[in-house]
2 protein chains.
Amino acid sequence: MLKYQKIAEQLFSFIKSNNLKQGDCLPSLNKLIQQYGASKTTVLKALDQLERDGFIYQVQGSGTFVRNIPDEHFINFNVSHGWTNDFTKTKMENSDVTVEKTLPTPLVASRLQCAIDTPVYKVQRLKKQDDKIFCLETSYYNANVVPFLNEDIAKASIFHHISDVYQINVGFSDKYFKVRRLTNFESDKLNLPQDSFGLAVHETFYTTAGDIFDFSENVYHHENATFYI
Amino acid sequence: MLKYQKIAEQLFSFIKSNNLKQGDCLPSLNKLIQQYGASKTTVLKALDQLERDGFIYQVQGSGTFVRNIPDEHFINFNVSHGWTNDFTKTKMENSDVTVEKTLPTPLVASRLQCAIDTPVYKVQRLKKQDDKIFCLETSYYNANVVPFLNEDIAKASIFHHISDVYQINVGFSDKYFKVRRLTNFESDKLNLPQDSFGLAVHETFYTTAGDIFDFSENVYHHENATFYI
DNA sequence: GTATATTTGTTCGTATGTATT
DNA sequence: AAATACATACGAACAAATATA
């Protein structure tokens with residue numbers, strides 16, 4: 001692990017273990033430089049990462065301070081994979097898992113930016129948190145990039161699997177969302193009355209090298225799924 | 001304007017004016033260093049900002065590439081003030097503006113982290129985009145931080161006003177959201193049937209110095225409001 | 001397939017600027 | 001007015017990943 005990442009992790013642990021609250025002050029840059037035996041550049045990079053992640057904020061001439069810890073009943077909308085609020089990891093369980101090797105619809109092919117005769121894995125999963133139905137996920141993996149998937153892999157974590165086995169690492173994603181009425185199939189799966197509404201999220205995932213490997217649509221249970229950013 | 005900001009702006013303009021698409025390559029670091037007469041650190045800082053904003057991605061050993069331009073019908077969920085997708089600025093108009101100096105409810109006081117006898121401005125605005133109703137905003141400003149507001153200011157831009165007049169600059173915000181049924185008042189304002197659903201967003205705004213000055217609830221029209229991140 | 005060049009990523013050190021205390 | 005603390009910018013060296021010959 002890199003030096004600035006290690007510093008960022010230790011500072012984060014410091015905040016958690018000392019139970020620091022919004023507005024509490026962190027040690028000054030110079031103290032952190034001494035404390036970690038690092039250069040200013042390196043400590044600043046660690047602080048910048050923590051700031052991007054929403055844990056701290058820096059005020060010129062004043063100091064570095066802790067931000068609010070997000071309410072634990074809400075889920076970080078930025079990490080749709082991993083499902084953690086970074087403070088208390090919430091266990092997300094997959095059920096009703098189906099995996100099918102098939103050909104993409106025109107919409108899916110356009111989102112995966114592949115030809116319509118490119119084989120894709122269609123994966124559907126019902127995600128539950130503490131036995132509460134959280135969302136229905138329908139995702140499509142380009143089989144030319146992700147050579148193999150099955151129910152066992154999908155029941156655990158697809159992203160971890162393809163990272164471990166194929167060294168395919170998630171880089172970034174395009175993410176669109178809106179509120180819409182559920183289809184009968186969706187309301188059935190989510191155990192909601194017909195004509196219920198939910199949050200529908202379309203997300204296209206790219207590898208760190210910029211290649212598309214996954215397009216997903218998640219439909220969230222409007223009562224059980226609440227988010228923060 | 002700072003050097004790295006200027007470089008970031010010019011690179012962004014370069015992408016737009018040359019109509020670059022997803023995957024297109026930007027000049028290498030060394031070329032940018034020569035081109036802008038800046039150090040590696042400074043150019044990197046500009047690139048990091050553009051990467052954070054979702055415009056580019058960097059691949060070690062390979063190069064720097066352009067990301068997808070977001071669909072123009074979707075709005076950047078991260079900038080609830082300003083209302084721009086950074087490529088085509090969409091005009092957002094305020095109507096049905098009311099401003100009232102009052103005392104906070106317990107919920108509002110807790111969100112503003114102020115006493116219940118602290119005066120606050122309650123501002124309500126209906127936001128329209130091309131005459132389509134976009135959302136109903138109800139916001140509360142701590143009057144000890146923002147000394148004065150009226151309908152004229154609220155009809156234009158409150159954030160611009162308090163930045164210009166009081167040097168109060170927005171630093172960051174805590175943002176929570178979920179899908180819920182609208183109240184009768186809300187569905188009436190949004191011109192939707194009763195019992196419609198919408199996206200409800202609670203956002204607490206902090207100044208760059210870390211002081212809370214605004215708590216807002218936005219309720220979005222589920223047909224007219226679509227987002228990206 | 002391998003060596004080499006290219007390109008981004010990390011880390012160090014230093015100087016100067018700017019805002020707050 | 002002075003001290004403190006973060007912000008910007010420069011330069012240099014080395015590391016790591018990728019592209020190319």
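The chains referred to below are lettered A, B, ... by the order of the sequence lines, with proteins before strands, and numbering in each begins at 1.
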Does K122(B) qualify as a cation-pi partner of Y141(B), given the criterion of NZ or CZ under 6.0 Å from the six-membered ring centre and within 45 degrees of its axis? no

Check for me whether K127(B) meets the cation-pi criterion with F134(B), that is, NZ or CZ under 6.0 Å from the six-membered ring centre and within 45 degrees of the ring axis.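 No, a cation-pi geometry is absent between K127(B) and F134(B).
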
Under the 3.5 Å rule, do the base of dT18(C) and the side chain of Q60(A) count as making a donor-acceptor pair? yes

Hey, does the side-chain of K45(A) have a donor or acceptor N/O within less than 3.5 Å of a partner on the base of dG9(C)? no

Interatomic distance where [atom1] belongs to [X] and [atom2] belongs to [N] [whole Å]:
X	N	atom1	atom2	value
Q49(B)	dA7(D)	CD	C1'	13 Å
D48(B)	dA7(D)	CG	C1'	15 Å
L26(B)	dT8(C)	CG	P	9 Å
N169(B)	dT20(C)	CG	C1'	15 Å
K40(A)	dT11(C)	NZ	P	17 Å
Y36(A)	dC12(C)	OH	C1'	19 Å
L32(B)	dT6(C)	CG	P	17 Å
F65(B)	dT18(D)	CZ	P	11 Å

Classify the nucleic acid contact of [X] as base, sugar-phosphate or nothing, counting any heavy atom under 4.0 Å across all strands shown.
X	result
A38(A)	sugar-phosphate
S28(B)	sugar-phosphate
L44(B)	base
T42(A)	sugar-phosphate

Does the side-chain contact (heavy atoms from CB on, under 4.5 Å) test come out yes or no for N142(A) and Y121(A), once each step is laid out? CA-CA 7 Å; N142(A) 186 328; Y121(A) 283 101; over 6 Å; no

Of the nucleotides dT11(C), dA9(D), dT18(D), which one has an atom closest to the side chain of Y4(A)? dT11(C)

[N], OP1 or OP2 - any side-chain N/O from [X] closer than 4.0 Å?
X	N	result
S62(A)	dT21(C)	yes
Q58(B)	dT7(C)	no
K3(B)	dC10(D)	yes
T64(A)	dC6(D)	yes

Taking for each residue the nucleotide of DNA chain C with the nearest heavy atom, is it A209(B) or S39(A) whose nucleotide lies nearer the 5' end?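 Whichever sits nearer the 5' end wins; that is S39(A).
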
Main chain of V59(B), side chain of S62(B): is a donor-acceptor contact present, judged purely on distance under 3.5 Å? no

F74(B) and F227(B) have their tightest heavy-atom pair at CD2-O, 3.2 Å

Might you work through the salt bridge (Lys or Arg N to Asp or Glu O under 4.0 Å) test for K128(A) and E93(A), ending with a clear yes or no? CA-CA 5 Å; K128(A) 294 182 183 176; E93(A) 191 193 1; over 6 Å; no

In Watson-Crick or G-U wobble terms, with both distances under 3.5 Å, the base opposite dG1(C) is none

Re dA1(D): Watson-Crick or G-U wobble partner, both distances kept under 3.5 Å, found to be none

